[in-house]
Amino acid sequence: MDLSNRYNSKESEEKWGRFWEENHLFHTEVNPDKEPFTVVIPPPNITGILHMGHALNNTLQDILVRYKRMKGLETLWMAGTDHAGIATQNVVEKQIAREGKKRQDLGREEFLKRLWAWQKQYGDTIIHQLKKLGSSCDWDRTRFTMDEHYSQVVTSVFVQLYEKKMIYRGQHIINWCPRCQTALSDEEAEHKEVKGALYHFRYPFKDDPAKYVTVATTRPETMLGDTAVAVHPKDKRYKKLIGKILILPLMNREIKIIADEYVDPKFGSGAVKVTPAHDPNDFEIGKRHDLEFINIMHPDARLNEKAGRFAGMDRFTARKEVVNALKELGALDRIEDHLHSVGHCYRCHTVVEPYLSKQWFVKMKPLAKPAIEVVKKKKIKFYPARWTKVYLNWMENIRDWCISRQIWWGHRIPVWYCPVCPEDKNVIVANMTPQECPRCHSKKLIQDEDVLDTWFSSWLWPFATLYWPQNKKDVEYFYPTSVLFTASEIIFFWVARMIMAGLEFTGKIPFSDVYIHGTVRDDKGQKMSKSLGNALDPLEIINEYGADALRFSLIMNSGQDLFISKDKFEIGRNFANKIWNATRLILKNVPDNMDFQKQFAKLKPKDLDRESCWIISRFHSTLAAVSRAIEQYRFSEAETLIYEFFWGNYCDWYLEMSKDKLAQETTQVVALSVLEQSLKMMHPFMPFVTEEIASKLPGHQGSLVRQSWPNLKKRLIDREIETQMQRLIEIIVAVRNLRKELNIALMEQIDITFSVDKEDIAFIEDYSPVLKKIAKINHLSCTTKDQESIPPLAKIAVVGTIKCFIPVCVEDIQKEKEKIEIQYQQKLAALERVKARLQNADFLQKAPAPVVEKDKLTQETLEREIEELKRTIDRFSSR
RNA sequence: GGGCGGUUAGCUCAGUUGGUAGAGCAGUUGGCUUACAUUCAACAGGCCGUAGGUUCGAGCCCUGCACCGCCCACCA
């Protein structure tokens, strides 16, 4: 067979990708004879394209899934995409903004049409990209979070929770994104440390305007909505002032001094301005003291008419203006630098505003309780285990979940309001659009405008994708799923909520293992993102290096967080190429129609040479370790083992030792068998190249996908021979060392003598043929230690108890010595020159710094080299 | 404020029952040996952050400290 000396990744990826898909090799069915293994994909958002995080996440899943499939389990990897409410709506809004339009210009219906069009296009794109990566999902089952059935499940789950009184609607301070113009959950507000300022203001007393109370804030504009000042009830400084009236500057509103335990007397002045409509703590204080709630802001964060003369200003403009105005009034006490954490929208990074509004919430405490239990009882385990604590800590302090979003793209909240019935009795929650109000039979019902949080659908993913609850057969067989792969950022958003939903709705845990992998960063440690311009595009890497190279290299680096630069992908590409070329060597030498598997089965140990026994033993040792590593989710370790075995043992030593025996049938059979078994072992990691190569082996049929994982044969593991071969390798390295020292070319035949203990004579004799061949030894003599006679002028290398030496003649040594002495003198002279230059520079102080630096470096280098040469000369003299 | 992770060769990192420090890349030297220059051979390079402790023995276990990074929290 004639094969190119470079592995062509593009060609075979296209070929095998198509082959797998056309033959539905990843398709799964309920099969009572087989044990099921299920993984659900973390559904990528339909916002755009595959990034490195996806590549890592899906490679990890694919390795395990392909491994389990080969182990004979009925392995379902559920594929799909997420509608990603806010994120997708944002990108489509940007798209129509280019036409100069807003979503309101299109209207809800038209806008949603655009979104569905987007979904059609980008949903397919991302699936296509997952396929290019080699992901072996059951594509026949591909789901989308807004599929009809899936949406029904979302609705029914909402209704269920509502009926259990676990969903409620209420006025609360929520995180509001003024740009997306929607409420966010606490998790969707990312807190970042920001250098801000703490502004101290003076609020004068009504009855004595000369006196005042100092309060502090990081958001001056909110003072326009203040309705009280709070102090700690036991604070001596303020005790007698409680109940007094202050005049709120700029607004000239009378506000009372109230006492509340919340206030920390040690912070600032010990007095707090209270803005119940714009701060969660103040909101609570406001409720406790029955204060007025003044909302001073429009949804887009411009101030409203309640803000007096500041109305219409953006919040940050108003911030400056309020400070200026207070300064003019003499009410500004001081401004301090202040480091504090500020919430940002996780989708558009705008500073979120604590905002009072009416939203839907899920009561989380009752859901969290069993979800804490299952993790504490180790029904669900995190890998690495340290994430358990992170999970538990969050769950134990969980707060209610704001699930309504003021956007259009998503699952519409299944709530209708009757305009006739009174305010608190007008809510109708139903699975289907109700025809009339059950109380007053009015037919003019109005549906809630809002949609549900994206994660309110994602949390059902492990079972809703199986057509729960209708498809009992699939659910019973494939659910609970086996393991979930995700990044740590997603634990709260998704993992925790899936556990709660699984327990609440199916009564079962959704998965038993959670594998948390690292984040992909650039080589400087920054998160990869399009906006930073440091993102490496997986598709570009696939194009340039190949999908297997991408996969292999990513996993190689996946111990913790990954710091990736482009050149890291060479290791995978080179390895794929190495496998390819090893195969070329073998195929060149074996007949096309050889039934090597059958012949291998018939081989007896006595038919085999030592190298063959060794490589077979090494294969099975590696296989055992690789299987164990995969089962324990130690994927990078598994790859290292494979790499060392295939390149370091099979190619570097076995094939080198066997090259000239490849005409012999036994060698052919062993070489081919180990290759074929190795391909199977490597297939989960590098599916394309292994398929391509396997297909070229004699007698090969079909695909590796459904072949079985190599059988571990412990009796073929021979520790003894592995140790012996290790020793032999060390000896060969030592001999090569000698040649290097003596300047003898690698290919030049040499004579060598070994001086060994008596019991090692047999070892040397046994291995002498291969030793002579690999180390290019012409004449090999062996003496025992008691009668050894090493000539005085020999080069000696010691390997354990074995000494090897080559005699050398006096002239050679003399010549070499002279050469080195000349070098030594030259370097010494050079050093003197550099030193002189440096001294001169110091003295005159006019040499530019780089020159001095360079000379210093040169001096260091020279000194090191001189040291080295001196040592060499000493060695010559001691002989 | 609480919690977690890291600190090992110039760079990126392995190092799971505590037993004489490893890989890849970069570097130096030498090889076009018809499988592979996406290669082969050889070399060099580490008080394993710091101070103590446990132990016959610590990169690994315990304690303190320093620096870096991450997460959580109602830090007006």
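All heavy atoms count here, side chains included; hydrogens, waters and symmetry mates do not. Remember, it's a predicted structure, so these values are computed and weren't measured experimentally. Each chain gets a letter, A, B and so on, in the order its sequence line appears, and its residues count up from 1.
Atom C1' of nucleotide C72(B) and atom CD of E489(A) are separated by 14 Å, given to the nearest angstrom. Rounded to whole Å, atom C1' of A42(B) lies 15 Å from atom CD of E730(A). The CE-C1' distance, from M556(A) to U12(B), rounds to 12 Å in whole Å. In this structure, CG of L738(A) is placed 14 Å from C1' of C43(B), rounded to the nearest angstrom. In this structure, NZ of K568(A) is placed 20 Å from P of U38(B), rounded to the nearest angstrom. The CG atom of D567(A) sits 14 Å away from the C1' atom of U38(B) (whole-angstrom rounding). Between the CG atom of L655(A) and the C1' atom of C36(B) there is a distance of 11 Å, rounded to whole Å. The distance from atom CD of E570(A) to atom C1' of U39(B) is 13 Å, rounded to the nearest whole Å.
Distances were taken from every side-chain heavy atom of K578(A) (C-beta onward) to each of A37(B), C75(B), C40(B); the shortest belongs to C40(B). Nearest nucleotide to the side chain of I571(A), out of A76(B), G24(B), A35(B): G24(B).
Within 4.0 Å (heavy atoms only), E644(A) reaches no atom of the nucleic acid at all. Residue contacts shown for E656(A) include a base, since a base heavy atom lies under 4.0 Å away. No engagement by A576(A) is indicated, since no non-hydrogen atom pair under 4.0 Å with the nucleic acid exists. Counting any heavy atom pair closer than 4.0 Å across all strands shown, R399(A) reaches sugar-phosphate atoms only and no base atom. Counting any heavy atom pair closer than 4.0 Å across all strands shown, Y545(A) reaches no nucleic acid atom. Within the nucleic acid shown, D264(A) comes within 4.0 Å of at least one base atom, counting heavy atoms only. As judged by a 4.0 angstrom heavy-atom cut-off over every strand, S341(A) is placed among the base-contacting residues. If you check every strand for non-hydrogen atoms under 4.0 Å, E187(A) touches nothing.
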Start with the C-alpha gap between H232(A) and Y238(A), add the side-chain angles, then the distance that decides, and say whether ring-ring contact (aromatic ring centres under 6.0 Å, His included) holds.
CA-CA 8 Å; H232(A) 194 275; Y238(A) 296 110; over 10 Å; no

Can Y633(A) and Y515(A) be said to form a ring-ring contact (aromatic ring centres under 6.0 Å, His included), step by step?
CA-CA 8 Å; Y633(A) 306 117; Y515(A) 178 85; 5.8 Å; yes

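Using a 4.0 Å cut-off between a side-chain N of Lys or Arg and a carboxylate O of Asp or Glu, K195(A) and D337(A) do not qualify as a salt bridge. Salt-bridge formation is detected for the pair K566(A)/E544(A): a Lys NZ or Arg NE/NH1/NH2 atom is positioned less than 4.0 Å from an Asp or Glu carboxylate oxygen. Salt-bridge formation is not detected for the pair E644(A)/R618(A): no Lys NZ or Arg NE/NH1/NH2 atom is positioned less than 4.0 Å from an Asp or Glu carboxylate oxygen.
A close approach under 4.0 Å does occur between a side-chain nitrogen or oxygen of N574(A) and OP1 or OP2 of U39(B).
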Polar atom pairs (N or O), protein with nucleotides 27-32 of chain B, under 3.5 Å:
residue : atom : partner : partner atom : Å
U29(B)  : O2   : K740(A) : NZ           : 2.6

Under 3.5 Å, which N/O atoms of the protein pair with N/O atoms of nucleotides 1-5 of chain B?
residue : atom : partner : partner atom : Å
G3(B)   : O3'  : K389(A) : NZ           : 3.4
C4(B)   : OP1  : K389(A) : NZ           : 2.9

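Side-chain to base pairing of E639(A) with A14(B): no donor and acceptor N or O lie closer than 3.5 Å to each other.
Take F685(A) and apply the ring-ring contact (aromatic ring centres under 6.0 Å, His included) test, not counting sequence neighbours, and it matches no residue.
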